[in-house]
Protein chains: 2
Amino acid sequence: MKPDPIASDFLEALTKVSRKIRTAFNQQVTAHGLTYPRARALFRLAKKQNMTQSELACDLELEQATMVRLLDRMEENGLIERRPDTNDRRVKLIVLTPYGEEQAAMVRSIADRIREQIFQDIDPDELHVAVALLERISANVTDLEDVDVPA
Amino acid sequence: MKPDPIASDFLEALTKVSRKIRTAFNQQVTAHGLTYPRARALFRLAKKQNMTQSELACDLELEQATMVRLLDRMEENGLIERRPDTNDRRVKLIVLTPYGEEQAAMVRSIADRIREQIFQDIDPDELHVAVALLERISANVTDLEDVDVPA
DNA sequence: ATGATATAGTTGGCATGCTAACTAAGTCGT
DNA sequence: ACGACTTAGTTAGCATGCCAACTATATCAT
């Protein structure tokens, strides 16, 4: 029952490349006065505004409590605004300020440039195959969680 | 000059599965009184003891400063010991306590079980191909960093 | 209607993670 | 030998990230 070494190798490679990409991205955006989590949030908001904090947290796979403080700082930095929802007084809708839009565009251009360089010599077909594999593994991980915390 | 959508999809899938695996792992080890970073350090130390803090930090891709406090807490928890190096008085060598060895074995069994379930229906050949791809991408990210911070 | 329950957001407390600035100790050039 | 540089570890300060407990509001059952 020894562990299959290729599975370990895969996990190691996955963890490593994921961490490296995040670090590279972070270096680029910090050079422009942002952080990786804020850049992620900006990117998401550039596609869809007027989301609630919960929706945004769910999209970015963060806890609500984490979202609150991230938005606190983004609000202090003048990137976003919290607007009340007239239908539900508990809700706050998040919108980008003009400065936030500007920064979101900057983030997008950085992301485009990094993607171009990272994947320059990679066959798109290989990426398709890899995405399918990653999604199958992702589903297996989800099942794993269900076993431990059944509804 | 529009971004290739498959590259975005790949990055998204990679980020997502990586985060999910880490979260799943974390849930398992916290149920046994550990945390993910401590489990990682234990796992590494189970393979090679008497490493310096710097070596361990490098292996785990953490900063020295991060390593210091992680080891502080692992020492408080009785998992590890810091021993002076007789050849170099700046250095501290890290060894597992008997309790640390025990916990490391527990981590290993959790890791084996999770790997088995995550990869149960995945063809090892596919994993080999994927590892090669991940390593090529990893190398591209390294090159990217070199461009920005040339020696 | 009204009481139980659920949901949105907040706060407190803790563990990582980073960079920058610091101390102690080793190394190297002259 | 001694001053410049490097290296190992630490500390301070900040930004994420989590969970648990809390407030305010909405919804649902009866």
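The figures that follow rest on heavy atoms only: side chains count, while hydrogens, waters and symmetry mates do not. Naming: A, B, ... by sequence-line order, numbering from 1 per chain. Everything quoted here is computed from the prediction, not taken from an experiment.
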What is the distance, rounded to the nearest whole Å, between atom [atom1] of [X] and atom [atom2] of [N]?
| X | N | atom1 | atom2 | answer |
| --- | --- | --- | --- | --- |
| L62(B) | dC18(C) | CG | C1' | 11 Å |
| N87(A) | dT7(C) | CG | P | 18 Å |
| D85(A) | dG9(C) | CG | P | 9 Å |
| M67(B) | dT19(C) | CE | C1' | 18 Å |
| R22(A) | dA15(D) | CZ | C1' | 13 Å |
| N26(A) | dC14(D) | CG | P | 18 Å |
| L70(B) | dC18(C) | CG | P | 11 Å |
| Q27(A) | dA15(D) | CD | P | 19 Å |

Closest nucleotide among [options] to the [X] side chain:
| X | options | answer |
| --- | --- | --- |
| A65(A) | dG12(C), dG17(D), dA26(D) | dG12(C) |
| E63(B) | dG17(D), dT10(D), dT19(C) | dT19(C) |
| K92(A) | dG9(C), dT10(D), dG17(D) | dG9(C) |

Inspect the contact between [Y] and [X] and indicate whether a charged nitrogen and a carboxylate oxygen are less than 4.0 angstrom apart.
| X | Y | result |
| --- | --- | --- |
| R136(B) | E126(A) | yes |
| D72(A) | R82(A) | yes |
| E75(B) | R69(B) | no |

Should the side chain of [X] and the base of [N] be counted as holding a donor-acceptor pair, with the cut-off at 3.5 Å?
| X | N | answer |
| --- | --- | --- |
| R38(B) | dA15(C) | no |
| R69(B) | dG9(D) | no |
| R73(A) | dG17(D) | no |
| R90(B) | dT7(D) | yes |
| R40(B) | dG17(C) | no |

TODO: Decide whether R113(B) and Q28(B) meet the rule of one side-chain donor and one side-chain acceptor closer than 3.5 Å.
DONE: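 Their side chains do contain a donor-acceptor pair, which is all the 3.5 Å distance test asks for.
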Task: Under 3.5 Å side-chain donor-acceptor pair for E81(A) and Q49(A) - done: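 There is no such pair between these side chains.
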Open item on the list: Is it the case that atom CD in E61(B) sees more than 12 heavy atoms from other parts of the structure closer than 6.0 Å?
Closed with: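 Enclosed: over 12 neighbouring heavy atoms sit under 6.0 Å from CD of E61(B).
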Open item on the list: Base, sugar-phosphate or nothing for V68(B)? Non-hydrogen atoms, less than 4.0 Å.
Closed with: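 Base, at least one base heavy atom under 4.0 Å.
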Open item on the list: Regarding R82(B), tell me which of base, sugar-phosphate or nothing describes its non-hydrogen contacts under 4.0 Å with the strands shown.
Closed with: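 Sugar-phosphate only.
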- [ ] Hydrophobic side-chain clustering at under 4.5 Å (ILVMFWY, transitive links): who's grouped with L93(B)? Put none if nobody.
- [x]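 V91(B), listed by chain and number.
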- [ ] Could you say whether D88(A) or R89(B) is positioned toward the 5' end of DNA chain C, judged by the nucleotide with the nearest heavy atom to each?
- [x]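 Looking at DNA chain C, the more 5' nearest nucleotide goes with D88(A).
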State whether [X] places a side-chain N or O below 4.0 Å from either non-bridging phosphate oxygen (OP1 or OP2) of [N].
| X | N | value |
| --- | --- | --- |
| T66(A) | dC18(D) | yes |
| T35(A) | dT16(D) | yes |
| S54(B) | dG9(D) | yes |
| Q64(B) | dT7(D) | no |

Task: Angle between terminal axes - the helix from dA1(C)-dT30(D) to dT30(C)-dA1(D), 5 pairs each end, rounded to 10° - done: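 The end-segment axes of the helix from dA1(C)-dT30(D) to dT30(C)-dA1(D) are tilted 20° relative to each other.
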TODO: To the nearest 0.5 Å, tell me how far R38(B) CZ sits from L42(B) CG.
DONE: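 Here the rounded value is 9.5 Å.
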